[in-house]
Amino acid sequence: MKAIRVHEFGNPEVMKLEEIEDPKPGQGEVVIKIHAAGVNPVDTYIRSGLYPFKPKLPYTPGMDGGGIVESIGEGVTRFKVGDRVYIAGTISGAYAEKSLCRASQVYLLPDKITFKQGAAIGTPYTTAYYALFNRAQVVPGETVLVHGASGGVGTAAVQLARASGMKVIGTSGTDKGRNLVIEQGAHYVFDHKEKDYMDKILSITNGKGVDVILEMLANLNLGRDLGILAQNGRVVVIGSRGTVEIDPRNAMVRNASILGMILMSASEKEIFSIHSELIAGLEKGTLSPVIGREYPISEAPRAHHEVIESNAYGKIVLIP
């Protein structure tokens, strides 16, 4: 089969399309024929070698995908060959024609959800859910600000927060992105390229501030985030590309919390519970992944450049 392989950590061009052996399922394992693979910012951090968890080289990138069960190993009873599924984690990597997964990493894909949308569920929706409900412990009626709300995690967070009864504010750097954020259910959206957009956000809360902020770029925004939090407000740091200087007094006077998160720290029980809720939302139609761009798997380097450098708009997927 064809698969993207990384033999050394570095820039996107270290990813090469190669021919490798087809995976075979062992005890409790499933082989999925991949129809679409999701590209996440975390994939780029791992490939660069900057992520805390480094895979053994060589490896195939990617954790998310949508496809069909091709074969199953001993002890697997939740699936049968031919089932439509999405994967949220993988043993062998998702940027490939086939992927070996533990059965616990595979979930049935609702009929109304396409394979491309299935590739946009795993990391983005699990991250958004974990940030909102497990880390920030949001409750209906609170105000949630989603920075970078037009990307994969951002659109997921907007949909989840709106469906759960929160007042939702989003930011995006383009008109197209801001229109998308409103379409996904945000009550307000602001251009994070404007100098005074934080003042505008504070203004619409009548000076009270926002209860929860989901922060995708903490090295740029965290210091300012603390200035618009409500009393007992929480910032969940989902992404950061460097260091940041903050004034701790802004957190002290608000009794505020800065909460870090990394999805790999979630327990298997937590992940299973999250996906049970996500599938219910997908079936009801309150959740619907947005696909922005798709590329053939051979263009994985281009996809990695774009997921970091471009203004986010939905999910980027690779087609084997």
Checklist entry - Going by the angle between their ring planes, with limits at 30° and 60°, are Tyr45 and Tyr51 parallel, tilted or perpendicular? => result parallel
Checklist entry - Where does the angle between the aromatic ring planes of Phe190 and Tyr188 fall among parallel (under 30°), tilted (30 to 60°) and perpendicular (over 60°)? => result parallel
If every non-hydrogen atom of [X] is compared with every non-hydrogen atom of [Y], which pair is closest and at what distance?
{"X": "Met198", "Y": "Arg224", "value": "CE-CB, 3.7 Å"}
{"X": "Ala37", "Y": "Ala119", "value": "C-CB, 3.8 Å"}
{"X": "Val181", "Y": "Ser172", "value": "CG2-CB, 4.4 Å"}
{"X": "Tyr107", "Y": "Phe272", "value": "OH-CA, 4.3 Å"}
{"X": "Thr60", "Y": "Arg5", "value": "OG1-NH1, 3.1 Å"}
{"X": "Leu100", "Y": "Lys24", "value": "CD1-O, 3.8 Å"}

What is the distance from atom [atom1] of [X] to atom [atom2] of [Y], rounded to the nearest 0.5 Å?
{"X": "Ser240", "Y": "Leu220", "atom1": "OG", "atom2": "CG", "result": "9.5 Å"}
{"X": "Tyr125", "Y": "Leu282", "atom1": "OH", "atom2": "CG", "result": "7.0 Å"}
{"X": "Lys98", "Y": "Asp22", "atom1": "NZ", "atom2": "CG", "result": "3.5 Å"}
{"X": "Asp83", "Y": "Ile72", "atom1": "CG", "atom2": "CD1", "result": "8.5 Å"}

Next on the checklist: Check this for me: does any side-chain nitrogen of one of Glu299 and Arg293 sit under 4.0 Å from a carboxylate oxygen of the other?
Outcome noted: no
Checklist entry - Does any N or O in the side chain of Asp43 come within less than 3.5 Å of the main-chain N or O of Pro61, such that one atom is a donor and the other an acceptor? => result no
Item to check | Intermediate values then yes/no, salt bridge (charged side-chain N to carboxylate O under 4.0 Å, His left out), Asp191 and Lys193 | outcome: CA-CA 5 Å; Asp191 182 351; Lys193 293 180 179 178; over 6 Å; no
Item to check | From CA spacing to verdict: salt bridge (charged side-chain N to carboxylate O under 4.0 Å, His left out), Lys2, Glu19 | outcome: CA-CA 5 Å; Lys2 289 182 172 61; Glu19 191 76 30; 3.7 Å; yes
Next on the checklist: Assigning hydrophobic clusters by single linkage (Ile, Leu, Val, Met, Phe, Trp, Tyr; side-chain heavy-atom cutoff under 4.5 Å), is Leu132 placed with Leu259?
Outcome noted: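 Per the 4.5 Å side-chain linkage, Leu132 and Leu259 are co-clustered.
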Checklist entry - Quick check: are there more than 12 heavy atoms from other residues, nucleotides or ligands sitting under 6.0 Å from CD of Glu309? => result yes
Checklist entry - Under 3.5 Å, is there a donor-acceptor pair linking the side chains of His305 and Glu13? => result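 Present: a donor and an acceptor within the cut-off.
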Item to check | Residue from Asn221, Asp225, Val210 passing side-chain contact (heavy atoms from CB on, under 4.5 Å) with Val235 | outcome: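 Among Asn221, Asp225, Val210, the one meeting side-chain contact (heavy atoms from CB on, under 4.5 Å) with Val235 is Asp225.
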Item to check | Among Val146, Thr143, Ile213, side-chain contact (heavy atoms from CB on, under 4.5 Å) partner for Ile169 | outcome: Thr143
Checklist entry - Distance under 6.0 Å and angle within 45° of the ring axis: does Arg84 meet both against Phe115? => result yes
Next on the checklist: With a 4.5 Å cut-off on side-chain heavy atoms, are Lys315 and Val290 touching?
Outcome noted: no
